[in-house]
Amino acid sequence: MSVQQGAAPPEIPFWRGLTFRQAAVTLAVVLLLGMLVGLLELFLDWRGMRADVERDLRETLTLVEGSASEALYQLHPELGRQLVDGLFARASMRRAELRDDFGRVLAERVREPTASALAEDWSWLFADVTRMRLPLDYGFAGADAEPVGVLEVELSAAVLTQRFLAQAGRDALLGLARALVISALVALLFYLMITRPLVRLAGAIAAVDPARPGAWTPPHLPHHHGDELGLLRARLGELFAASQRGLDQRDRAQAELTALTQELEARVRLRTQELEQQRDALGQAFAELDAAHQELGKANRMVLESIQYARRIQTAMLPDKGALGDGVREIQVCWEPLHLVGGDWFWLERLDDERYLILIADCTGHGVPGAFITLVLASAMADILRDHASADPATILCAIDAVVRTRLRQDHPEAESDDGLEAAVAIWEPARAELSFAGAGIPLLCMDPAGRVETIRGARAHLGYRSLPSPGEIPVHRIAVAPGARFYLLTDGISDHMGGQPRRLLGRRRLAGWLERHAELGLAEQLAAVEQLLEDYRGDEPRRDDMTLIGFQPR
């Protein structure tokens, strides 16, 4: 039997290969770092050269100060000319002038610059350090020195600039050469350490005989026995061996199946008469099955009707948006279970004339199990708020944790329930213009009057759950509320919508950015637009969880 060997791996163009891409990325990084370092060195060289020019010019004038004073005192033009000519020994000297104290020029010389046009354009780099004026005094021993004139010199800024640009060009060429050498070395190392072993491994895989994968000969990868490539080589060997075992089992199964088929054909022939006799019994069984289907449909309708009624009960347990009265200017709620009933729940209550409570909770699971947890929470809220009416949000969350654990008997060793919830509480106090917030796994989004949104994260804690400890200290955030500010509480069913291209979660940060861009909408329009945003972002992706979003604007 002929066996088709594995196809040869396709040739990959050099410019698409790992070696080329590694070299390109390395060169780009080295060039970028070299450019940044080069700019810093260029700036330091420029500052150093300016300082050297000033220092050299000052030292030169100090050296010739005595000779210049002598020439002016004696009014000796030849001596002054020699001194000026000596200054022009510096290639960068452009002008030197020696004047007496009456303003008469004793000696002067000017040299036109021979620098390039580029140096002329950039001569401003040294223009402010090229001129220096030295007042000259002369006196005899035992007498005070008197002014005899002034020596003025000017260096050519263009010549200095040309010298500086030449040095900068040499440094740039050296930096480019260094970057190319480093990139080549790094690319070579990557090729030797990663690319070449991968090519060998790919070639060995391509050479595998599909009919006999167990005969695969792994390539020799020196120096890679203890790293990821060695592990990959070992795992591939195990995979091919497992494939060979599966093929062997398939061959044995096919042989057994052939024998079984022959036996079954004989049995079928023998039992054909029995099947004809059983036809009437089968018709009666189908009739009974149809009746069972009818009963099942009836039971299904009863279950759906029960869940729909449970939705009416759960909806009736939710508070009216007007429960806070005039404590808030506006409040809007988006509450949508994944199924007819869900594990998201919220509560609004006016604690007294000066305090207004907003609570949101995300209970374990969704559907009927999640709805049962909301019933536990709803039945306990009246007692919790009565006993902790004046407490801060963190105390209320801790009280919820204690009640859930007690009512679900999670404080008993034999308890079966390991359910709980995430929740957040916000209390608005108009007299103090302050909102206090505490969350266990649920954040608060704050939009200031200018439309900027800040996210205040809740504590990393859960309420209830037999397998988890009770939450420790839950921080309380106190927020000074400016007129026009808005706040948003949401469960993770809002931010965990999957969609977009590429497929990823919507996330709280993207939702906050959307709210900032649509801050001009009214609160009702905002929440309606958020629902449309979620539907558009999700596309064909189904929803995964219950979702609740509460937006409110304090009065």
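Please read all numbers here as calculations on a predicted model, not as lab measurements.
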>> Within a 6.0 Å radius of atom CZ on Arg460, are there more than 12 heavy atoms belonging to other residues, nucleotides or ligands?
In response: no

> Charged N to carboxylate O below 4.0 Å: is that the case for Glu516 and Arg452?
Replying inline: no

> Would you say Val333 and Lys321 make side-chain contact, with heavy atoms under 4.5 Å?
Replying inline: yes

> So, does His497 use its side chain to make a donor-acceptor pair with the main chain of Ile494 at under 3.5 Å?
Replying inline: yes

> According to the interplanar angle, ranging from 0 to 90°, do the rings of Tyr465 and His462 count as parallel (below 30°), tilted (30 to 60°) or perpendicular (above 60°)?
Replying inline: perpendicular

> Any donor and acceptor pair, going by atom type alone, linking the side chain of Thr455 with main-chain N or O of Leu445 inside 3.5 Å?
Replying inline: no

>> Is it the case that the side chain of Trp428 and the backbone of Gly327 share a donor-acceptor pair, with hydrogens and angles ignored and the cut-off at 3.5 Å?
In response: yes

>> Quick check: do Leu324 and Ile358 have side-chain heavy atoms less than 4.5 Å from each other?
In response: yes

>> Test side chain to side chain contact (heavy atoms under 4.5 Å, CB included) on Ile479 and Cys446; report intermediate values, then the result.
In response: CA-CA 9 Å; Ile479 307 161; Cys446 309; 4.0 Å; yes

> Are side-chain heavy atoms of Ile373 and Leu408 found at a separation under 4.5 Å?
Replying inline: yes

>> Looking at Gln254, I want to see if its CD is surrounded by more than 12 non-hydrogen atoms of other residues, nucleotides or ligands under 6.0 Å.
In response: yes

>> Using a 6.0 Å cut-off, check whether atom CZ of Arg250 has over 12 heavy atoms from anything other than its own residue.
In response: yes

> Of all heavy-atom pairs between Ala323 and Leu348, which one has the smallest distance, and what is that distance?
Replying inline: CB-O, 3.7 Å

> Looking only at atom types and distance, does a side-chain atom of Thr491 sit under 3.5 Å from a main-chain N or O of Thr548, one as donor and one as acceptor?
Replying inline: yes

> Would you say Arg508 and Arg457 make side-chain contact, with heavy atoms under 4.5 Å?
Replying inline: yes

>> I'd like to know if Arg538 pairs up with Glu535 as an ion pair, taking the criterion as any Lys NZ or Arg NE/NH1/NH2 lying under 4.0 Å from an Asp or Glu carboxylate oxygen.
In response: no

> About how many Å separate CG of Asp492 and CG of Leu506, when rounded to the nearest 0.5 Å?
Replying inline: 12.5 Å

> Between Arg350 and Asp326, is there a side-chain N and carboxylate O pair less than 4.0 Å apart?
Replying inline: yes

>> If I take atom CD from residue Glu454 and atom CG from residue Asp448, how far apart are they, to the nearest 0.5 angstrom?
In response: 9.0 Å

> Any side-chain heavy atom of Arg504 within less than 4.5 Å of one from Gln501?
Replying inline: no

> How far apart are the closest heavy atoms of Ala431 and Glu354, and which atoms are they?
Replying inline: CB-OE1, 3.1 Å

>> Given Gln526, which partner from the list Gln332, Glu531, Arg486 fulfils the side chain to side chain contact (heavy atoms under 4.5 Å, CB included) test?
In response: Arg486

>> With heavy-atom distances below 4.5 Å as the criterion, would you say the side chains of Leu534 and Met547 are in contact?
In response: yes

> Can we say Asp248 and Arg252 salt-bridge, meaning some charged N sits less than 4.0 Å from an Asp/Glu carboxylate O?
Replying inline: no

> How about Glu416: does its CD atom have over 12 heavy atoms from other parts shown lying under 6.0 Å from it?
Replying inline: no

> For Phe487 and Ile550, what are the C-alpha separation, side-chain angles and deciding distance, and is it a side chain to side chain contact (heavy atoms under 4.5 Å, CB included)?
Replying inline: CA-CA 8 Å; Phe487 300 90; Ile550 302 176; over 6 Å; no

> Atom CD1 of Ile427 and atom CZ of Phe437: how far apart are they, to the nearest 0.5 Å?
Replying inline: 11.5 Å

> Hey, what do you get for CG (Leu36) to CG (Leu32), rounding to the nearest 0.5 Å?
Replying inline: 5.0 Å

> Does the pair Val530 and Leu515 meet the rule for a side chain to side chain contact (heavy atoms under 4.5 Å, CB included), with working shown?
Replying inline: CA-CA 9 Å; Val530 167; Leu515 290 172; 4.3 Å; yes

> Which pair of heavy atoms, one from Tyr488 and one from Leu527, lies closest together, and at what distance?
Replying inline: CE2-CD1, 4.5 Å

>> Which heavy atom of Ala485 sits nearest to which heavy atom of Pro449, and what is that distance?
In response: N-CG, 4.2 Å

> Taking Arg543 for the side chain and Asp545 for the main chain, is one N or O donor matched with an acceptor at less than 3.5 Å?
Replying inline: yes

> Which pair of non-hydrogen atoms, one from Arg355 and one from Ala391, has the smallest distance, and what is that distance?
Replying inline: NH2-O, 2.7 Å

>> Between Asp344 and Asp362 (side chain of the first, backbone of the second, donor and acceptor by atom type, cut-off under 3.5 Å), is there such a pair?
In response: no

> Taking Tyr537 for the side chain and Gly499 for the main chain, is one N or O donor matched with an acceptor at less than 3.5 Å?
Replying inline: yes

> Do the side chains of Ser470 and Arg405 get nearer than 4.5 Å, heavy atoms only?
Replying inline: yes

> Hey, mind stepping through Asp392 and Ser436 against side-chain hydrogen bond (donor to acceptor under 3.5 Å, both in side chains) and telling me if it holds?
Replying inline: CA-CA 8 Å; Asp392 59 27; Ser436 54; over 6 Å; no

> In Å, rounded to the nearest 0.5 Å, how long is the span from CG of Leu377 to CD1 of Ile384?
Replying inline: 6.5 Å

>> Is it the case that the side chain of Asp546 and the backbone of Gly342 share a donor-acceptor pair, with hydrogens and angles ignored and the cut-off at 3.5 Å?
In response: no

> Do Arg407 and Asp383 meet the salt-bridge criterion of a basic N to acidic O distance under 4.0 Å?
Replying inline: yes

> How far apart are the closest heavy atoms of Ile474 and Ala394, and which atoms are they?
Replying inline: O-CB, 3.3 Å

>> Is it the case that atom CZ in Arg178 sees more than 12 heavy atoms from other parts of the structure closer than 6.0 Å?
In response: no

> Between CD of Glu256 and CD of Gln249, what distance do you get to the nearest 0.5 Å?
Replying inline: 10.5 Å

> Are the side chain of Gln410 and the backbone N or O of Asp419 linked by a donor-acceptor pair below 3.5 Å?
Replying inline: yes

> Can you check side chain to side chain contact (heavy atoms under 4.5 Å, CB included) on Leu549 and Trp335, steps first, answer last?
Replying inline: CA-CA 7 Å; Leu549 172 61; Trp335 178 78; over 6 Å; no

